[in-house]
S.K.: 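Just dropping this structure here.
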2 protein chains.
Amino acid sequence: MLKNLSHTEENYLKAIFSLSNKSETAVSTNELAEKIVAKPSSVTDMVQKLAEKKLVDYKKYQGVYLTSNGRKTAVSIIRNHRLWEVFLVEKLDFKWDEVHDFAEQLEHIKSDTLIERLDAFLNFPTHDPHGDPIPDKNGNIAQNLREPLSNINIGSTCTLVGVNDSSSKFLKFLDKSKIKLGSTIKVLHKEEFDNSMHIQVDKNKLSISHQITKNLLVKII
Amino acid sequence: MLKNLSHTEENYLKAIFSLSNKSETAVSTNELAEKIVAKPSSVTDMVQKLAEKKLVDYKKYQGVYLTSNGRKTAVSIIRNHRLWEVFLVEKLDFKWDEVHDFAEQLEHIKSDTLIERLDAFLNFPTHDPHGDPIPDKNGNIAQNLREPLSNINIGSTCTLVGVNDSSSKFLKFLDKSKIKLGSTIKVLHKEEFDNSMHIQVDKNKLSISHQITKNLLVKII
DNA sequence: ACTTATTTTTAGTCTTGTCTAAAAATTTAT
DNA sequence: ATAAATTTTTAGACAAGACTAAAAATAAGT
Ligand SMILES: [Mn+2]
Ligand SMILES: [Mn+2]
Ligand SMILES: [Mn+2]
Ligand SMILES: [Mn+2]
């Protein structure tokens, strides 16, 4: 079913998947180049190659879409990535800000059965350490309804279920502030002029900038 | 300390290491080509590249030796390989004949701390599922004294501690014959004309060919 | 010692994935 | 509607890693 692709090809598919989730329109050469960190000319080359392999639909100057096969491949790699991240945090005691780069390598391990065994070993987790849903083996992704904390009204209470920014810096800041997945967050006050918020996280009260609230994904209780 | 090498370069170092353990002399281009499954001309190219990187000592027509750095790198990859094999067997319930190809990929994961965490998670195993010693983090390899069953005299009793052939076919044959690591083997009879042996393995008696006895590594009790 | 046979190296080519520079298409601005 | 700015594609080049064919060095056989 799924072809044998190079790490590079797989990374392109993953990047196209993630960009096409944001915009719903075709992914442009330029944005893909920025995501992959390569020149647009290189992207054009690769995209033409992926089109030949029927992994993307591509028309000159019109950007690129994943085909059904392309999407399946991308989702499978994301499944690998997130399961390995769970393994690294749950079993090897890494912190949630340490695992992404390892998973970036481990996601490319070619495995018929390995990833299913890993899934079972981890007790079929539904979310990775950053709150992102783990696609099931058929490629279905649970769509959790979640929105940035910045959208939440004063007085409402919600639970932290994810983050928009998985950078080590951001995650370490959250650790320091004792904000973690599952934390109960109550919006105490919203500052008009800079959109900062005063919130209560579990027992603690603190103020956080708009920059932060945009990147905290919550579910209203 | 250890450079960033391609999978290919690492595989060459591993191959040179394993061949130079057998022969004690320089590794020839031809035997390396056979091991790697590539043409001798390709091997010459790569060996010259590794020599530039000071990972091997190489003189035209004289074969190749690992430098201290080359050996360190090779041993580190072997450590990775064997630890991942333990993980796959102990934690993911794979059989000992199923893990080699996965480990062949996993051994190349670049990891400062990952492999040390894995080691701890597995409780610092000393041997892989095929009885091969796992190098410690400093690159020291326990030299277990072991010899082929074919060397053992009639009447002697020994323990199976390793195999010379880790192919799936051989390992499955051993499973079928209820011969496993740790089994007690007593040599009941040696057939002169074909060097086959009649042995007792734990409770069972059976006859096995020279082909088999050469590949069973034992320690006399 | 000389001739074969074998091993090893060189020379030249190919594929993958990248790059720069320049051309072409599209979009934006006047 | 035309010109200017931007995006995207093409053309040509390069490094890594492999290959084939041919040359050079070493080893074996008489
Ligand atoms: Mn990640
Ligand atoms: Mn990747
Ligand atoms: Mn192995
Ligand atoms: Mn390998």
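Order of the sequence lines fixes the chain letters, A, B, ..., with proteins taken first and strands second; residue numbering starts at 1 for each chain.
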S.K.: Any donor-acceptor pair, under 3.5 Å, between the side chain of A:Ser28 and the base of D:dT7, if you only look at N and O atoms?
M.R.: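 Check fails, no donor-acceptor contact within cut-off.
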S.K.: Can you tell me if B:Asn80 and B:His108 form a side-chain donor-acceptor pair at under 3.5 Å?
M.R.: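 Side chains of B:Asn80 and B:His108: no pair found under 3.5 Å.
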S.K.: Just how far, in rounded Å, is P of C:dT8 from CD of B:Glu34?
M.R.: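 Nearest whole value for this atom pair: 12 Å.
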S.K.: Between A:Met46 and A:Tyr61, name the one whose nearest nucleotide on DNA chain C is closer to the 5' end.
M.R.: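 That would be A:Met46.
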S.K.: With respect to the phosphate group of D:dT10, does any side-chain polar atom (N or O) of A:Lys60 fall under 4.0 Å of OP1 or OP2?
M.R.: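 Result: yes.
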S.K.: Atom CD of B:Glu31 and atom C1' of C:dT7: how far apart are they, to the nearest Å?
M.R.: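 Computing the B:Glu31:CD to C:dT7:C1' distance gives 12 Å.
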S.K.: Decide salt bridge (charged side-chain N to carboxylate O under 4.0 Å, His left out) for B:Lys172 and B:Glu98; before the verdict, give the C-alpha distance in whole Å, the side-chain angles of both, and the deciding distance to 0.1 Å.
M.R.: CA-CA 10 Å; B:Lys172 276 179 172 153; B:Glu98 302 174 313; over 6 Å; no
S.K.: Considering only heavy atoms and no angle criterion, is a donor-acceptor pair shorter than 3.5 Å present between the side chain of B:Thr44 and the base of C:dT10?
M.R.: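 It does not, because no donor-acceptor pair links the side chain of B:Thr44 to the base of C:dT10 below 3.5 Å.
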S.K.: Taking the six-membered ring of B:Phe121, is NZ or CZ of B:Lys91 closer than 6.0 Å to its centre and within 45° of its axis?
M.R.: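 Yes, a cation-pi geometry.
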S.K.: Between A:Ser6 and B:Tyr58, who's closer to the 5' end of DNA chain C by nearest nucleotide?
M.R.: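 Residue closer to the 5' terminus by nearest nucleotide: B:Tyr58.
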S.K.: Between B:Asn30 and C:dT6, is there a contact of a side-chain N or O with OP1 or OP2 at under 4.0 Å?
M.R.: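 For B:Asn30, the contact criterion (side-chain N or O under 4.0 Å from OP1 or OP2 of C:dT6) is not met.
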S.K.: What is the distance from CD of B:Gln62 to P of C:dT8, rounded to the nearest Å?
M.R.: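 It is 10 Å, rounded to the nearest whole Å.
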S.K.: Can you tell me which nucleotide in D:dT20, D:dA18, C:dC19 comes closest to the side chain of A:Ser42?
M.R.: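 Per side-chain heavy atoms of A:Ser42, the pick is C:dC19.
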S.K.: Considering only side-chain heavy atoms of A:Gln48, which listed nucleotide, D:dC19, D:dA24, D:dT9, is closest?
M.R.: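 Selected nucleotide: D:dT9.
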S.K.: Please state how far atom CG in B:Asn11 lies from atom P in D:dA16, giving the value in whole angstrom units.
M.R.: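 These atoms are roughly 18 Å apart.
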S.K.: Just the rounded figure in Å: distance from P of C:dT9 to CG of B:Leu50.
M.R.: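 Atom CG in B:Leu50 sits about 13 Å away from atom P in C:dT9.
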S.K.: Is the distance between the ring centroids of B:His130 and B:His100 under 6.0 Å?
M.R.: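 Between B:His130 and B:His100, which both carry aromatic rings, the centre distance is not below 6.0 Å.
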S.K.: Whole-Å distance between D:dT26 C1' and B:Lys59 NZ?
M.R.: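 So the two atoms are 16 Å apart, to the nearest Å.
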S.K.: Without decimals, in angstroms, what is the distance between A:Leu5 CG and C:dT15 P?
M.R.: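 Spelled out: CG on A:Leu5 to P on C:dT15 is 19 Å.
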S.K.: Between D:dT9, D:dC19, C:dT9, which one does the side chain of B:Thr29 approach most closely?
M.R.: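 Closest nucleotide to the B:Thr29 side chain: C:dT9.
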S.K.: So what does B:Thr8 touch, heavy atoms closer than 4.0 Å: a base, only the sugar-phosphate, or nothing?
M.R.: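 Sugar-phosphate only.
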S.K.: Quickly work out the B:Asp45 CG to D:dA16 P distance and round it to whole Å.
M.R.: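 So the two atoms are 11 Å apart, to the nearest Å.
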S.K.: Roughly how far apart are A:Leu106 CG and A:Phe102 CZ, rounded to 0.5 Å?
M.R.: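 The CZ atom of A:Phe102 is 8.5 Å from CG of A:Leu106, to the nearest 0.5 Å.
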